[in-house]
Amino acid sequence: MSTVEFNDRVAIVTGAGAGLGKQHAMELARRGVKVVVNDFGGARDGTGGSATVAEQVVAEIEAEGGEAMAAGCSVTDMPAVEKMVADAIAKWGHVDILVNNAGVLRDKSFHKMGMEDFQFVMDVHLTGSANCTKAVWDHMRERQYGRIVMTTSSTGLYGNFGQVNYGAAKLALVGIMNSLHQEGAGKGIHTNCISPVAATRMTEDIMPEEALKLLVPEAVTPAVVYLCSDGAPSKTILTAGAGGFAAAKILETEGIWLPEADRNAEAIAANIDQILDETGMQEYASGGGQGGKFFRRMQEVMKG
Ligand code: NAD
């Protein structure tokens with residue numbers, strides 16, 4: 001079994017005043033990581049706000065003998081996020097790990113959803129994660145080391161009724177991971193995703209009580225700690241909840257090649273079973289790799 005190690009690491013965990021983020025922050029601190037506990041402290045829908053939730057988690061970490069500092073800013077406030085990163089570097093010299101975990105919900109079926117609720121959820125999950133990542137990116141590049149975790153969701157990966165805004169933002173984080181994986185390769189920066197299932201205030205009214213009892217947030221944290229460690233993979237989506245751990249992947253079918261004369265919607269309809277056939281389905285390492293499939297087929301056709 002490989003060893004999970006943290007050598008003099010500093011982490012920022014966003015939305016760490018409660019729920020999953022609090023467990024991630026506390027476990028990292030138990031493993032000797034110095035932790036910035038970020039939390040805006042608002043309600044589930046993002047209204048209100050109080051820095052005290054972050055301060056309370058810092059007090060709990062310190063009571064266990066760990067080191068932490070509080071940052072009560074919103075991840076949507078770029079100057080405040082930049083200050084949070086600068087404060088961590090001023091105090092501990094570096095930032096090595098970023099767990100983008102802060103999140104809100106504004107669920108409504110799409111026909112009832114106002115665009116302000118769409119935008120707000122995108123701002124917190126997508127722009128908030130991009131802000132924090134941007135604020136540490138150059139620093140991590142200079143140090144040739146970084147571990148970044150995006151918190152995606154089964155809603156983004158697979159869909160859920162009433163969560164168009166949330167699902168759009170959560171799958172966009174997978175998109176950020178896919179490209180940052182490439183940009184961080186060679187710079188020692190690994191970017192991954194966690195797709196958690198846990199009983200928190202976010203899920204308390206959408207899951208049955210028996211399920212909630214099993215879904216303690218602590219059961220997700222080992223996957224996040226692994227993704228933050230020196231030995232973390234890159235471009236991996238781990239799913240975790242209630243003791244279950246798995247990986248989600250984006251795969252593409254082998255598909256078909258249509259000669260020029262047959263490139264029409266009728267031919268697609270006639271061949272849809274073969275297009276959807278999962279035999280030989282594969283995951284591509286990059287967008288270019290997927291494009292290469294079509295390029296290779298083109299060359300074969302040109303050769304005759
Ligand atoms: P939670 O509501 O308990 O925790 C979210 C935390 O983020 C809160 O403490 C909140 O104050 C903070 N936050 C909200 N907006 C913020 C902002 N602008 N800036 C800084 N902090 C902010 O919910 P949770 O279930 O622990 O969710 C954590 C993450 O996991 C979220 O990204 C959520 O979407 C994701 N997630 C959770 C589940 C689940 O089953 N609980 C499933 C899939 C994904």
Side-chain angles (χ1 to χ4, degrees), residues 4 11 13-31 33 35 37-46 53-54 56-57 60-61 64 75 97-109 121 124-125 128-129 149-174 177 192-229 232-233 236-249:
V4 173
V13 184
T14 71
L20 288 157
K22 176 180 175 183
Q23 297 308 322
H24 306 337
M26 294 202 62
E27 183 57 21
L28 285 168
R30 284 181 200 118
R31 287 164 179 268
V33 177
V35 183
V37 177
N38 161 264
D39 207 295
F40 182 57
R44 188 171 80 164
D45 68 356
V53 285
Q56 279 162 10
V57 174
E60 284 186 52
I61 288 173
E64 288 188 6
V75 291
I97 297 164
L98 169 65
V99 182
N100 285 304
N101 165 83
V104 291
L105 282 184
R106 290 202 175 173
D107 293 358
K108 274 192 181 89
S109 55
V121 168
V124 174
H125 289 275
S129 298
V149 179
M150 303 285 176
T151 305
T152 185
S153 161
S154 56
T155 297
L157 297 172
Y158 308 113
N160 232 349
F161 189 95
Q163 295 197 309
V164 164
N165 48 4
Y166 183 74
K170 287 309 205 186
L171 194 58
L173 296 174
V174 176
M177 173 194 74
N192 294 289
C193 285
I194 180 76
S195 177
V197 192
T200 65
R201 68 177 186 171
M202 214 175 250
T203 47
E204 64 195 359
D205 51 0
I206 55 174
M207 285 186 195
E209 211 173 308
E210 296 81 66
L212 291 173
K213 275 188 208 141
L214 298 171
L215 290 164
V216 288
E218 297 90 302
V220 172
T221 294
V224 173
V225 169
Y226 168 66
L227 294 176
C228 291
S229 69
T236 296
I237 307 168
L238 290 185
T239 66
F245 299 92
K249 294 185 175 211

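In this structure, CD in Gln163 is found 8.0 Å from OG in Ser154, a value given to the nearest 0.5 Å. Atoms CG and OG1, from Leu28 and Thr221 in turn, are 8.0 Å apart once rounded to the nearest 0.5 Å. The structure places CG of Leu173 at 11.0 Å from OG of Ser195, a figure rounded to the nearest 0.5 Å. Expressed to the nearest 0.5 Å, how far OG1 of Thr151 lies from NE2 of His24 amounts to 5.5 Å. The CG atom of Leu105 lies 8.5 Å from the CG atom of Asn165; values are rounded to the nearest 0.5 Å. The distance from atom OG1 of Thr152 to atom CG of Leu157, rounded to the nearest 0.5 Å, is 4.5 Å.
By the neighbour-count criterion of 12 heavy atoms within 6.0 Å, atom CD of Glu209 is sparsely surrounded, having that number or fewer from other residues, nucleotides or ligands.
A 4.5 Å side-chain heavy-atom check between Val149 and Asn100 finds every atom pair outside the cut-off. Looking only at side-chain heavy atoms (C-beta outward), Val4 and Arg31 come within less than 4.5 Å of each other. Looking at Lys249 and Ile237, their side chains never come closer than 4.5 Å, going by heavy atoms from C-beta outward. With a 4.5 Å cut-off on side-chain heavy atoms, Asn192 and Leu238 do not count as touching. The closest side-chain heavy-atom distance from Val57 to Asp39 is not below 4.5 Å. In this structure the side chain of Pro196 never reaches within 4.5 angstrom of the side chain of Thr239, judged on heavy atoms. Using a 4.5 Å heavy-atom threshold, the side chains of Thr200 and Gln23 count as separate. Residues Val37 and Ile61 meet the side-chain proximity criterion, which asks for heavy atoms closer than 4.5 Å.
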**Prompt:** Can you check side-chain contact (heavy atoms from CB on, under 4.5 Å) on Thr155 and Lys170, steps first, answer last?
**Reply:** CA-CA 7 Å; Thr155 297; Lys170 287 309 205 186; 5.7 Å; no

Handout entry: Intermediate values then yes/no, side-chain contact (heavy atoms from CB on, under 4.5 Å), Val99 and Val224
Key = CA-CA 8 Å; Val99 182; Val224 173; 4.1 Å; yes

Worksheet item: Would Val104 and His125 count as a side-chain contact (heavy atoms from CB on, under 4.5 Å) if you check the C-alpha gap in whole Å, the side-chain angles of each, and the deciding distance to 0.1 Å?
Response: CA-CA 8 Å; Val104 291; His125 289 275; 4.2 Å; yes

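Listed here is the closest heavy atom pair of Ala232 and Tyr226: CB-O, 3.5 Å. The nearest pair of heavy atoms linking Ala223 to Ile194 is CB-CD1, 3.6 Å. A pairwise comparison of heavy atoms in Ala219 and Gly243 identifies CB-N, 3.8 Å as the closest pair. Nearest approach of Val220 to Ala198, heavy atoms of both residues: CG2-CB, 4.2 Å. Summarising the geometry of Gly21 relative to Val13, their closest heavy-atom pair is O-CG1, 3.7 Å, with the distance given to 0.1 Å. Looking at every heavy atom in both residues, Gly103 comes nearest to Val124 through CA-CG1, 4.1 Å.
In terms of modelled atom types and a separation under 3.5 Å, the side chain of Arg44 and the main chain of Arg201 share a donor-acceptor contact. When atom types are taken as modelled, the side chain of Asn38 and the backbone of Gly15 share a donor-acceptor pair closer than 3.5 angstrom.
Contact check on Arg30 versus Glu27 returns a salt bridge, with a Lys/Arg side-chain nitrogen under 4.0 Å from an Asp/Glu carboxylate oxygen.
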